[in-house]
Amino acid sequence: MFRIFLVILCSMQFASAQNKKVLFVIADGIPASELEKANKPAFDAIINKGAYLPCYVGGEKGGLTQSPTISAVGYNSLLTGTWTNKHGVVDNAIKDPNYNYPTIFKVFKETYPNKKIGVFSTWLDNRTKLVGDGLAQTNYLHVDYHRDGYELDTLQFPHDKKAYYIHLIDEKVVAEASKVIKDSAPDMSWIYLEYTDDMGHRYGKSPQLDTAISMLDKQIGSIMQAVNFREINFNEEWLVIITTDHGRDAQTGKDHGGQSDSERNTWLVINKKPAKEVVKTAIVDIFPTIATYLDIKLPAQVAQALEGVSLLRK
């Protein structure tokens with residue numbers, strides 16, 4: 001009888017254990033000042049559960065790790081937890097990434113081969129070059145769910161002069177990502193959205209950028225509906241992190257790439273309370289934060305190479 005009780009108790013504990021999932025979102029090119037002043041109810045709902053944190057990109061200014069404040073550079077700093085001097089991406093051409101510094105996807109798959117990953121992106125290169133889907137250099141890492149490459153589909157998304165087609169592509173990415181999350185719930189997913197960056201380049205800090213941030217907030221709301229559905233109906237617990245890849249120059253509010261404070265200063269939104277008080281975080285902190293949350297045992301060489309620290313470790 002005692003043994004039966006133990007079996008039942010263990011079964012109950014197993015059933016009550018929540019399955020952990022991770023979603024991170026990069027919304028391109030939004031200065032901290034512009035997000036902070038925006039009307040953003042979906043963002044605020046996440047912040048109320050977790051935190052809004054000042055963040056930075058670009059490595060140590062003037063030091064060995066100094067990195068261009070350019071989009072693909074920022075993406076790969078998040079993915080690898082390292083700066084350009086290690087990961088090797090110096091611009092958006094992504095000619096020669098150093099795959100010896102693995103992405104969080106590769107480390108996750110090596111730890112949990114049967115778990116699933118997803119990439120949902122306006123830009124195809126994020127999966128094929130940065131994540132390295134199917135490349136020999138990544139040991140043929142397989143992205144289980146992907147929806148991307150829409151910028152190449154000029155029939156479904158004809159390229160207009162005002163770049164509104166990028167917003168339509170973002171909408172498609174959000175719809176596809178939300179459906180996959182709701183139906184299949186990959187264990188780790190990356191969503192990348194571009195329209196805010198296009199409006200920043202064209203108009204700087206402007207009503208057009210404000211509108212793009214408002215559109216983004218609605219998209220975040222749609223994504224969170226899918227996440228909330230999974231948590232309510234499937235006994236899952238999701239870590240959600242949203243950030244951007246760079247700010248914009250102080251003069252025009254349009255460009256980026258340099259080391260001014262306005263280009264380096266970004267932001268991070270997380271739906272969990274940090275384990276300790278954080279004054280400022282860096283984009284490279286996201287890799288170790290995800291690793292902590294998902295109980296990924298990092299190989300020694302990976303752990304030693306990381307430039308960031310976990311927000312969830314005391």
Side-chain angles (χ1 to χ4, degrees), residues 20-26 28 57 59 65 67-68 70-152 173 176-177 180 184-192 239 241 243 245 283-308 310:
K20 290 184 175 181
K21 309 273 183 174
V22 166
L23 166 66
F24 60 93
V25 181
I26 297 178
D28 204 316
V57 298
T65 64
S67 304
I70 292 173
S71 292
V73 178
Y75 312 160
N76 217 38
S77 294
L78 185 159
L79 291 171
T80 65
T82 69
W83 300 112
T84 296
N85 61 304
K86 292 180 180 176
H87 66 60
V89 174
V90 298
D91 56 31
N92 288 338
I94 318 176
K95 287 183 179 178
D96 192 23
N98 188 346
Y99 294 110
N100 291 315
Y101 295 93
T103 67
I104 187 66
F105 286 111
K106 185 172 186 292
V107 176
F108 179 66
K109 273 288 199 177
E110 287 174 348
T111 305
Y112 302 111
N114 295 324
K115 294 200 173 187
K116 306 299 183 183
I117 58 176
V119 176
F120 310 93
S121 172
T122 305
W123 198 21
L124 182 64
D125 286 354
N126 286 342
R127 172 175 60 86
T128 58
K129 292 184 178 181
L130 295 179
V131 176
D133 186 23
L135 297 183
Q137 299 97 310
T138 63
N139 198 24
Y140 302 101
L141 173 69
H142 173 60
V143 176
D144 302 282
Y145 301 94
H146 58 86
R147 307 288 187 273
D148 52 16
Y150 301 115
E151 78 276 20
L152 305 176
V173 169
E176 293 292 330
V180 172
S184 305
D187 299 282
M188 186 192 302
S189 298
W190 173 19
I191 299 175
Y192 165 75
L239 171 67
I241 298 174
T243 192
D245 51 330
I283 199 166
V284 292
D285 294 338
I286 295 174
F287 181 122
T289 300
I290 292 172
T292 298
Y293 186 75
L294 292 178
D295 299 316
I296 301 172
K297 291 182 173 61
L298 299 176
Q301 67 271 23
V302 174
Q304 290 164 8
L306 289 179
E307 305 284 359
S310 172

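- Between the CG atom in Leu141 and the CG atom in Asp133 there is a gap of 6.0 Å [rounded to 0.5 Å].
- Here the shortest heavy-atom pairing between Leu130 and Ala72 reads CD1-O, 4.2 Å.
- If you run ring pair (Phe, Tyr, Trp, His ring centres under 6.0 Å) between Tyr192 and each of Tyr75, Phe120, Phe24, only Tyr75 comes through.
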Under the criterion side-chain contact (heavy atoms from CB on, under 4.5 Å), I'd like the reasoning laid out for Val131 against Leu79: C-alpha separation, chi angles, the key distance, then a yes or no.
CA-CA 8 Å; Val131 176; Leu79 291 171; 4.3 Å; yes

Output side-chain donor-acceptor pairs under 3.5 Å for residues 292-301, partner residues at least two apart or in another chain, one line each.
residue	atom	partner	partner atom	Å
Thr292	OG1	Pro288	O	3.0
Thr292	OG1	Ser310	OG	2.8
Tyr293	OH	Glu237	O	2.8

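- To the nearest 0.5 Å, atoms OH (Tyr112) and CE (Met188) are separated by 10.0 Å.
- Atoms OG1 and CG, from Thr103 and Asn76 in turn, are 8.0 Å apart once rounded to the nearest 0.5 Å.
- The closest side-chain heavy-atom distance from His87 to Asn98 is not below 4.5 Å.
- Residue Asp285 comes nearest to Thr289 through the heavy atom pair O-OG1, 2.7 Å, listed as atom of the first residue, atom of the second, then distance.
- To the nearest 0.5 Å, the span separating NE2 on His142 from OH on Tyr140 amounts to 15.0 Å.
- Side-chain contact between Ile191 and Val173: present, with at least one pair of heavy atoms (C-beta onward) separated by less than 4.5 Å.
- Contact record, Asn126 with Ser121: ND2-OG, 2.9 Å, taken as the closest heavy-atom pair.
- Interatomic distance, Ile290 CD1 to Ile104 CD1, rounded to the nearest 0.5 Å: 5.5 Å.
- Under a 3.5 Å cut-off, the side chain of Ser77 and the backbone N or O of Thr82 do form a donor-acceptor pair.
- Proximity of Ile70 to Asn92: side-chain heavy atoms (C-beta onward) are separated by under 4.5 Å at one or more points.
- Using a 4.5 Å heavy-atom cutoff, the side chains of Thr80 and Lys86 are not in contact.
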Determine whether Leu78 and Trp190 satisfy the following criterion, side-chain contact (heavy atoms from CB on, under 4.5 Å), listing intermediate values before the conclusion.
CA-CA 11 Å; Leu78 185 159; Trp190 173 19; over 6 Å; no

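- Side-chain contact check for Leu152 versus Leu124: some heavy-atom pair is nearer than 4.5 Å.
- Considering Val22, Ile26, Ile241 in turn, Ile241 is the only one that fulfils the side chain to side chain contact (heavy atoms under 4.5 Å, CB included) rule with Ile286.
- Note on residues 103-112: pairs passing salt bridge (charged side-chain N to carboxylate O under 4.0 Å, His left out), not counting sequence neighbours, are Lys106-Glu110, Lys109-Asp144.
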Report the C-alpha distance between Asn139 and Tyr99 in whole Å, list the side-chain angles of each, state the deciding distance to 0.1 Å, and finish with yes or no for side chain to side chain donor-acceptor pair (under 3.5 Å).
CA-CA 10 Å; Asn139 198 24; Tyr99 294 110; over 6 Å; no

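- Distance alone, capped at 3.5 Å, places no donor-acceptor pair between the Ser184 side chain and the Pro186 backbone.
- In terms of modelled atom types and a separation under 3.5 Å, the side chain of Thr138 and the main chain of Gly132 share a donor-acceptor contact.
- Judged as a ring-ring contact (aromatic ring centres under 6.0 Å, His included), and not counting sequence neighbours, Tyr101 has no contacts.
- With rounding to the nearest 0.5 angstrom, the CZ atom of Phe105 is 11.5 Å from the CZ atom of Arg127.
- The closest donor-acceptor contact from the side chain of Ser67 to the backbone of Trp83 lies at 3.5 Å or more, if one exists at all.
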